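Here is the structure we will look at, set down as structure tokens.
We use all heavy atoms of the structure for the numbers below, so side chains are in, but hydrogens, waters and symmetry mates are not. Note that the structure is a prediction, hence the values are computed from the model and not measured. Numbers here simply count residues along the sequence, with the first being 1.
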Amino acid sequence: MSRRWMLLFLLLVLIGAAAGRTALRRAPEFSREAVIRTGVANDLLIGEARGRQGLIGSLYWAPLPTLLAMPLIRLPAPFGGEWAFVVMAMLAAAFLCAFLAVWLRRTGLPALAAAAVATALFCSPPILQPLLQGSSAPLFGLLTMAGVIFLLHWWESGELRSLAYLSLTVMLVMLTRYQGALLFLLALAVVLLHLRLSRKRPHYAEATLTVFVTPPLYALATWAVANWLIMGDPFYFLRGLAVNRQTGSDWLALLTDGCDWPCALCLSLVPLLAWLVARLLPQQRALWTRLPVFAAALLLWSGKVECASLRVTPADRELPQVVSYLNAEHQGDWIVVAGYRGYEVARLMRDNGGAGLQHSLSFYLDQVLERTHSRRVFLLIPQPQGADRWEDINMRYPDLFDTDATFTSHEKSWPHWRLVRIVRLDEADFSDIIFREGR
């Protein structure tokens, strides 16, 4: 990028920093994603096996945002902890918006107008709001937009470098949200169509496809190998795909769970519309490109595009009440949480002599009993909906939220949470049985 676009990048970073400072003065509300990824990153940095599994063991929590933020995690606020994901998202969004401005200028939009569109997109609620809460939604949407730009440039120029950039961008999208695989399939279809229409020689077509598919397949293979080395199963991270999916709508939810498709599609429209107008109206492209580009940007500002990644579920709203009950009524007991929710529970549990927390990302009953010897043990289970379908306890025992297993007995229920007691025949259970009979 030339100097003027570097200045635009710095301007966007300053705007993001000013917005972050305003958020810092208030009590910052970090997204569930930021809390969980911070917990995973901290575990990784201290060498916890739980952290290594958390990075690669779930398709839902793809690893790229965690890896990008890890160098900042140990820094003081407002750079470390959950703020690391804000800083990472801010820098990525500023760079990709400046990159969009370069593309819009290429399609005929005046430099000032291109910079104005990029700034408006950066400041739009579907970008700035999740950015300040540490969500990776802006990264997913803007990487999708960058993939569209590289695809259009390759279609127009046939440059192998653009195809390589497209392939790398698609790989990054897939490592941010697993739904990025749809972008890979769509781009692959476009590449095949272009090769068909251009009637290239077989060797050229083979080389083109090799360049395009290698980075995404390499990322998938690396993910599988990591699961094999750490978890003993190369497809361990895919387990949540079929949990509690009885209806067609449940399966369709795989395409949308935790994914901001409306924002990504609106962002992708901006370079696509600019390119189409530049090709259809080459003589008046500077004038006519502005209208559809401004319309797409206005759509993001209108409030019609919802931030799915920031949607607060009933289970989220209920969790503080549940943790408050645990601290008050289960002092001296162990509460077991098997899954990513444990990072949120740990954050809410105050150090006030209440319940103790045993957090793991994989549930092994023998291991739990060994670690919680001579104390009563309770298992906290979220309703298997949305992201909670990917909690390990729900993947191992999909019906445990509704019915007891052979090793549990019901203790208490909330609309979206359930607490069960793990039945064990040691001093903790015997003493409790004697106490109840004595009453």
Open item on the list: Less than 4.5 Å apart, side chain to side chain, heavy atoms only: is that true for Cys97 and Leu142?
Closed with: yes
TODO: Quick one: sort the Tyr325 and His330 rings into parallel, tilted or perpendicular, breaks at 30° and 60°.
DONE: perpendicular
- [ ] Take Phe85 and Phe30 through the side chain to side chain contact (heavy atoms under 4.5 Å, CB included) test and state the conclusion after the steps.
- [x] CA-CA 10 Å; Phe85 293 89; Phe30 295 110; over 6 Å; no
TODO: Under the side chain to side chain contact (heavy atoms under 4.5 Å, CB included) rule, what do Leu267 and Val148 come out as? Steps first, then yes or no, please.
DONE: CA-CA 10 Å; Leu267 287 169; Val148 171; over 6 Å; no
- [ ] Without swapping roles, check the side chain of Asn327 against the backbone of Met349 for a donor-acceptor pair under 3.5 Å.
- [x] no
- [ ] Determine the interplanar angle of the Tyr343 and Tyr340 rings, folded into 0 to 90°, and report it as parallel if under 30°, tilted if 30 to 60°, perpendicular if over 60°.
- [x] tilted
Open item on the list: Any heavy-atom pair between the side chains of Leu139 and Leu68 that's under 4.5 Å?
Closed with: yes
Task: Interatomic distance, Thr208 atom OG1 to Leu160 atom CG [nearest 0.5 angstrom] - done: 6.5 Å
TODO: May I ask you to decide if Gly158's main-chain N or O and His153's side chain share a donor-acceptor pair within less than 3.5 Å?
DONE: no
Open item on the list: Checking the side chain of Ser31 only, and the main-chain atoms of Ala34 only, is there a donor and an acceptor separated by less than 3.5 Å?
Closed with: yes
Open item on the list: Rounded to the nearest 0.5 Å, what separates atom OG1 in Thr66 from atom CZ in Arg37?
Closed with: 4.0 Å
Open item on the list: If we ignore hydrogens and angles and just use 3.5 Å, is the side chain of Arg317 paired with the main-chain N or O of Val312 as donor and acceptor?
Closed with: yes
Task: Criterion side chain to side chain contact (heavy atoms under 4.5 Å, CB included) on Leu175 and Leu67, from CA distance to verdict - done: CA-CA 10 Å; Leu175 292 176; Leu67 289 171; over 6 Å; no
Task: Donor-acceptor contact present, side-chain Ser124 to main-chain Leu121, <3.5 Å - done: yes
Open item on the list: For Leu96 versus Ala146, what's the shortest heavy-atom pair and its separation?
Closed with: CD2-CB, 4.1 Å
Open item on the list: Which label fits Trp390 and Tyr178: parallel for a plane angle under 30°, tilted from 30 to 60°, or perpendicular past 60°?
Closed with: tilted
TODO: Report yes if the side chains of Lys412 and Trp417 come closer than 4.5 Å at any heavy-atom pair, otherwise no.
DONE: no
- [ ] For residues Trp103 and Thr107, determine if any side-chain heavy atom of one lies less than 4.5 Å from a side-chain heavy atom of the other.
- [x] yes
Open item on the list: Under the criterion salt bridge (charged side-chain N to carboxylate O under 4.0 Å, His left out), I'd like the reasoning laid out for Arg418 against Asp402: C-alpha separation, chi angles, the key distance, then a yes or no.
Closed with: CA-CA 8 Å; Arg418 188 171 189 244; Asp402 300 310; over 6 Å; no
Open item on the list: With heavy-atom distances below 4.5 Å as the criterion, would you say the side chains of Leu183 and Leu143 are in contact?
Closed with: no
Task: Tyr204 OH: over 12 foreign heavy atoms closer than 6.0 Å - done: yes
Open item on the list: Rounded at 0.5 Å granularity, tell me how far CG in Leu166 sits from CD1 in Ile149.
Closed with: 11.5 Å
- [ ] For Glu82 and Gly134, indicate whether the former's side chain and the latter's backbone hold a donor-acceptor pair under 3.5 Å.
- [x] no
Task: Between OG on residue Ser413 and CZ on residue Phe401, distance to nearest 0.5 Å - done: 6.5 Å
Task: Contact summary for Asp250 and Arg245, nearest pair of heavy atoms - done: O-NH1, 2.8 Å
Open item on the list: Could you go through Phe237 and Trp228, starting from their C-alpha distance and side-chain angles, then the distance that decides it, and tell me whether this counts as ring pair (Phe, Tyr, Trp, His ring centres under 6.0 Å)?
Closed with: CA-CA 10 Å; Phe237 64 107; Trp228 176 55; over 10 Å; no
Open item on the list: Between Ser167 (side chain only) and Leu163 (backbone N and O only), is there a donor and an acceptor less than 3.5 Å apart?
Closed with: no
TODO: Please check if the side chain of Gln179 supplies one atom and the backbone of Asp257 the other of a donor-acceptor pair under 3.5 Å.
DONE: yes
Open item on the list: Nearest 0.5 Å, please: how far is CE in Met171 from CZ in Phe184?
Closed with: 12.0 Å
Open item on the list: Tell me whether Gln367 at atom CD has more than 12 heavy atoms from other residues, nucleotides or ligands lying less than 6.0 Å away.
Closed with: yes
Task: Evaluation steps, side chain to side chain contact (heavy atoms under 4.5 Å, CB included), between Asp388 and Thr313 - done: CA-CA 10 Å; Asp388 290 324; Thr313 67; 5.5 Å; no
TODO: Taking atom types as modelled, find out whether Gln53 and Ser362 have a side-chain donor-acceptor pair closer than 3.5 angstrom.
DONE: yes
Task: Closest non-hydrogen atom pair between Ser268 and Thr144, with its separation - done: OG-CG2, 3.5 Å
- [ ] Heavy atoms only: give me the nearest Met70-Ala41 pair and the separation to one decimal.
- [x] CG-CB, 3.7 Å
Open item on the list: To the nearest 0.5 Å, what is the distance between CZ on Arg106 and CG on Leu104?
Closed with: 12.0 Å
Task: Heavy-atom closest pair, residues Gly51 and Asp43 - done: CA-CB, 3.4 Å
Open item on the list: When you compare the side chain of Asn394 with that of Asn244, does any pair of heavy atoms fall below 4.5 Å?
Closed with: no
Task: Main-chain N/O of Gly80 paired with Arg74 side-chain donor or acceptor, under 3.5 Å - done: no
Open item on the list: The test is salt bridge (charged side-chain N to carboxylate O under 4.0 Å, His left out); show your working for Arg341 and Glu344 and say whether it passes.
Closed with: CA-CA 5 Å; Arg341 279 285 191 181; Glu344 294 177 280; 3.0 Å; yes
Task: Minimum heavy-atom distance Pro65-Met88, with the two atoms named - done: O-CE, 3.8 Å
Open item on the list: Any non-hydrogen side-chain atom of Val13 less than 4.5 Å from a side-chain atom of Leu91?
Closed with: yes
Task: More than 12 heavy atoms from other groups under 6.0 Å of CG on Leu112 - done: no
Open item on the list: Tell me if the aromatic rings of Phe122 and Phe9 count as close, with their centers under 6.0 Å from one another.
Closed with: no
Open item on the list: Would you say the ring centers of Tyr236 and Trp223 fall short of 6.0 Å from each other?
Closed with: no
Open item on the list: Would the distance check show the side chain of Trp261 and the main-chain N or O of Leu255 forming a donor-acceptor pair, the cut-off being under 3.5 Å?
Closed with: yes
- [ ] For residues Phe363 and Leu400, determine if any side-chain heavy atom of one lies less than 4.5 Å from a side-chain heavy atom of the other.
- [x] no
